[in-house]
Amino acid sequence: MTDHTATHRVWRVGADIDTDALAPGAYMKFGIDEIARHCLQRVRPEFAGQVQPGDVLVAGPNFGIGSSREQAAAALVRLGVAAVIAPSFNGLYFRNAFNVGLLLLTCPQSDALAEAERITLDPAAGRIGRAAGAAPFELLCEPVPAFLMDMVRAGGLLNLLKQRQTS
């Protein structure tokens, strides 16, 4: 997440994406691989089969509302999503996301990002840029604190704690 030159393809969804859309209840009895295969099928049926590692999900307000299921964030991690960008997140989802290593960027102007656009991320500085070759712009987001970036880089809180224990 610190390589500011990497570009990420945007996938757009609307507001109020709930945890059942991210990790459908009908699949909760299975492992995360099966849950991930059905991620966002109600909203973007093609998403789980076509998303590529490093892609980003851009949403409207209230992303992650609903239950406290950690699998809602873990499914996006399993699919290789680099970040979720939205104007606001449910508090439990926010905590679960960083705990499993999913980067969230709170960006009030996320609606300026277009479907399939290529962007760059600088989460520590709170900046999103348009990839080279397109009309330049920069969106400001809330900077992500170092301790949360440490969790993202480690792949989640448990991995970070394991790393610190062995250091």
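Note that this is a predicted model, so its numbers are computed, not measured.
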Looking only at heavy atoms, which two atoms of [X] and [Y] are closest? And how far apart?
X	Y	result
Ile35	Ala23	CG2-CB, 3.6 Å
Ala73	Ala97	CB-CA, 3.6 Å
Leu148	Val144	CB-CG1, 3.8 Å
Val152	Gly101	CG1-O, 3.8 Å
Ser110	Pro87	OG-CD, 3.2 Å
Ala124	Pro143	O-CB, 3.2 Å

Measuring from atom [atom1] of [X] to atom [atom2] of [Y], what distance do you get when rounded to the nearest 0.5 angstrom?
X	Y	atom1	atom2	result
Arg130	Glu138	CZ	CD	12.0 Å
Leu76	Cys39	CG	SG	4.5 Å
Ile65	Ile17	CD1	CD1	8.5 Å
Arg127	Cys107	CZ	SG	12.5 Å
Asp150	Leu157	CG	CG	11.0 Å
Leu79	Leu40	CG	CG	8.5 Å

I'd like to know if the side chain of Thr19 pairs up with that of Ser67 as donor and acceptor (distance under 3.5 Å, no hydrogens or angles considered). yes
Check whether any side-chain heavy atom of [X] sits under 4.5 Å from a side-chain heavy atom of [Y], and report yes or no.
X	Y	answer
Glu46	Trp11	yes
Ile85	Leu121	yes
Phe47	Gln41	no

Is any NZ, NE, NH1 or NH2 atom of the basic residue among Arg9 and Glu117 found under 4.0 Å from an Asp or Glu carboxylate oxygen of the other?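 A salt bridge is absent here (no side-chain N lies under 4.0 Å from a carboxylate O).
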Inspect the contact between Arg12 and Glu115 and indicate whether a charged nitrogen and a carboxylate oxygen are less than 4.0 angstrom apart.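 The answer is no: the pair does not qualify as a salt bridge.
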Same cluster or not: are [X] and [Y] linked, directly or through other Ile, Leu, Val, Met, Phe, Trp or Tyr residues, by side-chain heavy atoms under 4.5 angstrom apart?
X	Y	answer
Leu22	Met28	no
Met149	Phe94	yes
Val58	Val43	yes

In Leu103, Val10, Val51, Ile128, the residue satisfying side chain to side chain contact (heavy atoms under 4.5 Å, CB included) with Val56 is Val10
So, applying side chain to side chain contact (heavy atoms under 4.5 Å, CB included) with Phe63, which one of Thr106, Leu57, Asn90, Asp18 is it? Leu57
Evaluate Phe89 against Leu105 for side-chain contact (heavy atoms from CB on, under 4.5 Å), listing each step before the verdict. CA-CA 9 Å; Phe89 297 91; Leu105 291 169; 5.9 Å; no
For Asp20, which residues count as a salt bridge (Lys or Arg N to Asp or Glu O under 4.0 Å) partner, sequence neighbours excluded? Arg42, Arg69
Which residues pass the salt bridge (Lys or Arg N to Asp or Glu O under 4.0 Å) test with Glu34, not counting sequence neighbours? Arg37
What's the verdict on side-chain contact (heavy atoms from CB on, under 4.5 Å) for His8 and Thr120, showing C-alpha distance, side-chain angles and the deciding distance? CA-CA 6 Å; His8 308 275; Thr120 60; 5.7 Å; no
Residues Leu104, Tyr93; criterion side-chain contact (heavy atoms from CB on, under 4.5 Å); working and verdict: CA-CA 10 Å; Leu104 301 183; Tyr93 187 86; 4.1 Å; yes
Partners passing side-chain contact (heavy atoms from CB on, under 4.5 Å) against Ala154 (at least two apart in sequence or in another chain):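 side-chain contact (heavy atoms from CB on, under 4.5 Å) check on Ala154 returns Asn159, Leu160, Gln163.
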Whether His38 and Tyr27 hold their rings parallel, tilted or perpendicular, with breakpoints at 30° and 60°: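 Plane angle under 30°, so parallel.
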Go through Val100 and Glu70 one step at a time and tell me if the side-chain contact (heavy atoms from CB on, under 4.5 Å) criterion holds. CA-CA 8 Å; Val100 298; Glu70 188 176 85; 3.6 Å; yes
